[in-house]
**Q** 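Dropping a structure here in structure tokens format, bear with me for questions.
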2 protein chains.
Amino acid sequence: MSSDPPGFELPLRLFLGFRVLIDELHAELARQGHPDMRPMHGFVFQAIGVDGTTAAELGRRLGVSKQAAGKTVDALERLGYVERGSDPHDARRKVVRLTEHGVDSLVRSARIFDELRARWAETLGEERLRALEADLRKVTPPDAFPLDVPGWFGGH
Amino acid sequence: MSSDPPGFELPLRLFLGFRVLIDELHAELARQGHPDMRPMHGFVFQAIGVDGTTAAELGRRLGVSKQAAGKTVDALERLGYVERGSDPHDARRKVVRLTEHGVDSLVRSARIFDELRARWAETLGEERLRALEADLRKVTPPDAFPLDVPGWFGGH
DNA sequence: CTATTTCGGCAACCACGTTGTCTAATTTAA
DNA sequence: TTAAATTAGACAACGTGGTTGCCGAAATAG
């Protein structure tokens with residue numbers, strides 16, 4: 001009889017799969033005019049959303065302090081991915097919005113992820129890939145995606 | 001007919017699965033006398049190995065500079081997980097070895113990972129879990145596990 | 001024996017997170 | 001309506017963990 005694989009292989013394969021996809025995404029993004037994007041940025045853009053948000057709200061969504069979120073916005077602003085605007089209804093708020101360049105990176109990311117999934121479907125078969133996704137949904141929290149990735153791994 | 005899931009769900013589910021396992025590992029490790037262990041440490045311990053290694057070699061395995069590896073060793077030494085020894089054959093080398101406490105954390109980690117895998121097997125069924133592992137092996141590099149995780153995500 | 005390489009440590013610097021404090025603006029309560 | 005509490009954003013100081021550059025000591029190649 002064959003024995004079970006050691007338990008530590010599972011998390012490593014999951015992370016490795018994630019890493020392969022993210023690395024290929026950013027290699028392709030670099031080819032398509034986004035060489036400055038980093039793995040973390042995609043999560044930040046998702047947290048900003050198409051309607052924009054504020055630094056404080058962004059910090060809550062990312063699970064970091066508002067100061068850290070503000071610094072991240074500074075960096076993304078320098079790279080031209082986001083811009084700050086004023087909120088006419090609340091003079092305290094400075095709304096962070098994706099620029100055209102930032103939206104472009106989101107659109108391209110979505111298309112590249114679809115292409116990468118199609119490649120996995122070629123390797124595994126569409127049915128197996130759907131089963132894999134279904135199984136992962138069963139063992140992961142269903143509600144929201146965790147956007148506090150930056151602080152989670154490196155933190156304290 | 002049902003359409004394909006969007007491609008971006010796959011990497012997020014993979015990362016989420018990884019994160020769930022790592023979080024549960026460290027919650028259990030904290031209960032078992034290792035409250036100071038952090039997600040990164042397991043990778044570092046694997047890179048050190050049972051025979052020990054040097055700071056320079058550790059840096060190469062982790063994909064960071066020897067100075068960074070040395071600082072990591074300093075921190076783990078303060079926590080009591082590793083100790084430095086001298087190499088009688090090479091007075092330059094200072095061999096880093098896991099302490100009894102460090103080995104204990106590795107042994108417990110392995111057992112906890114096995115238990116977590118068993119729980120996934122209860123949820124998904126052993127066959128589906130094996131299929132999931134087999135599929136992940138097909139789409140990830142087969143050879144070595146990437147131990148340069150610390151610098152990969154955060155790095156500029 | 002000399003030259004080159006390698007190891008470990010030190011210093012300076014940078015990226016990116018933290019907490020604390022401050023001002024201004026808004027909201028809530030008396 | 002006025003006073004108090006909350007919230008947004010910025011600034012400073014600090015901690016961690018990475019980087020590069022440099023150094024002396026030890027091993028190795030010629």
Side-chain angles (χ1 to χ4, degrees), chain A residues 36-45 47-49 51-79 81-97 146-156, chain B residues 36-45 47-49 51-79 81-97 146-156:
Chain A
D36 297 323
M37 276 201 65
R38 309 269 320 125
M40 183 185 61
H41 292 166
F43 291 91
V44 178
F45 291 173
I48 293 175
D51 295 330
T53 183
T54 66
E57 175 60 24
L58 182 61
R60 280 191 289 269
R61 292 183 190 172
L62 294 173
V64 300
S65 67
K66 59 182 182 177
Q67 291 87 342
K71 290 184 186 181
T72 299
V73 171
D74 289 341
L76 291 175
E77 198 174 23
R78 274 192 299 273
L79 290 173
Y81 285 111
V82 306
E83 58 192 359
R84 285 185 165 97
S86 296
D87 185 339
H89 300 308
D90 188 335
R92 296 169 306 174
R93 291 158 54 92
K94 293 189 179 175
V95 182
V96 179
R97 284 192 194 81
L147 290 170
D148 62 334
V149 179
W152 173 72
F153 201 87
H156 185 311
Chain B
D36 297 322
M37 275 201 63
R38 309 212 298 94
M40 183 185 60
H41 291 164
F43 291 91
V44 177
F45 291 173
I48 293 174
D51 295 330
T53 184
T54 67
E57 175 60 25
L58 182 61
R60 280 190 290 269
R61 293 183 190 172
L62 293 174
V64 298
S65 66
K66 61 181 182 177
Q67 290 87 343
K71 290 184 186 181
T72 300
V73 171
D74 289 341
L76 291 174
E77 198 174 23
R78 275 193 298 274
L79 291 173
Y81 286 111
V82 305
E83 60 192 357
R84 284 184 165 98
S86 297
D87 185 339
H89 300 309
D90 189 335
R92 295 170 308 174
R93 292 161 50 94
K94 293 191 176 174
V95 182
V96 179
R97 284 194 195 80
L147 290 169
D148 61 334
V149 179
W152 174 73
F153 201 90
H156 170 358

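Naming: A, B, ... by sequence-line order, numbering from 1 per chain.
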**Q** Are any of B:R78's side-chain N or O atoms less than 4.0 Å away from OP1 or OP2 of D:dT16?
**A**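 Indeed not, no polar side-chain atom of B:R78 lies that close.
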**Q** Please determine if a side-chain N or O atom of A:T72 lies less than 4.0 Å away from the OP1 or OP2 oxygen of C:dG17.
**A**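 For C:dG17, OP1/OP2 do have a side-chain N/O of A:T72 under 4.0 Å.
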**Q** Anything under 3.5 Å between a protein N or O and an N or O of nucleotides 1-10 of chain C, put it in a table, one pair a line.
**A**
residue: C:dT6; atom: O2; partner: B:R92; partner atom: NH1; Å: 2.6
residue: C:dC7; atom: OP1; partner: B:R60; partner atom: NH2; Å: 3.3
residue: C:dG8; atom: OP1; partner: B:K94; partner atom: N; Å: 2.8
residue: C:dG8; atom: OP1; partner: B:K94; partner atom: O; Å: 3.3
residue: C:dG8; atom: OP2; partner: B:A56; partner atom: N; Å: 3.1
residue: C:dG8; atom: N7; partner: B:K66; partner atom: NZ; Å: 2.7
residue: C:dG8; atom: O6; partner: B:K66; partner atom: NZ; Å: 2.7
residue: C:dG9; atom: OP1; partner: B:K94; partner atom: NZ; Å: 3.2
residue: C:dG9; atom: O6; partner: B:Q67; partner atom: NE2; Å: 3.1

**Q** Could you state the atom-to-atom distance from NZ of B:K71 to C1' of C:dC13 in whole Å?
**A**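 After rounding, the gap between these two atoms is 10 Å.
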**Q** Going by side chain to side chain donor-acceptor pair (under 3.5 Å), name the residues that satisfy it together with A:D87, two or more places apart in sequence or in a different chain.
**A**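 Once residues adjacent in sequence are excluded, the partners of A:D87 under the side chain to side chain donor-acceptor pair (under 3.5 Å) criterion are A:R93.
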**Q** Starting from P on C:dG17, measure out to CZ on B:R38 and report it in whole angstrom.
**A**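 In whole Å, C:dG17 P lies 14 Å from B:R38 CZ.
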**Q** Any non-hydrogen side-chain atom of B:L79 less than 4.5 Å from a side-chain atom of B:H41?
**A**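 Yes, at least one pair of side-chain atoms sits under 4.5 Å.
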**Q** Among residues two or more places apart or on two chains, list those pairs meeting salt bridge (charged side-chain N to carboxylate O under 4.0 Å, His left out) that have a residue in residues 51-61 of chain B.
**A**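 Applying salt bridge (charged side-chain N to carboxylate O under 4.0 Å, His left out) to every pair that reaches into residues 51-61 of chain B, excluding sequence neighbours, yields B:E57-B:R60, B:E57-B:R61.
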**Q** What residues form a side chain to side chain donor-acceptor pair (under 3.5 Å) with B:Q67, not counting sequence neighbours?
**A**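 Partners of B:Q67 under the side chain to side chain donor-acceptor pair (under 3.5 Å) test: none.
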**Q** Whole angstroms only, please: what is the CG-P distance between B:D87 and D:dT28?
**A**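 Between P of D:dT28 and CG of B:D87: 10 Å.
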**Q** Write out all pairs satisfying side chain to side chain donor-acceptor pair (under 3.5 Å) with one or both partners inside residues 69-78 of chain A, taking only residues at least two apart or from two chains.
**A**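 Listed once each, the pairs are A:D74-A:R84, A:E77-A:R84.
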**Q** According to a strict under-4.0 Å criterion, is B:S65 in side-chain N/O contact with OP1 or OP2 of D:dT19?
**A**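 So the side-chain polar atoms of B:S65 do come within 4.0 Å of the phosphate oxygens OP1 or OP2 of D:dT19, strictly under.
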**Q** List in chain and number order the residues that pass side chain to side chain donor-acceptor pair (under 3.5 Å) with B:E83, two or more places apart in sequence or in another chain; answer none if no residue qualifies.
**A**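 None.
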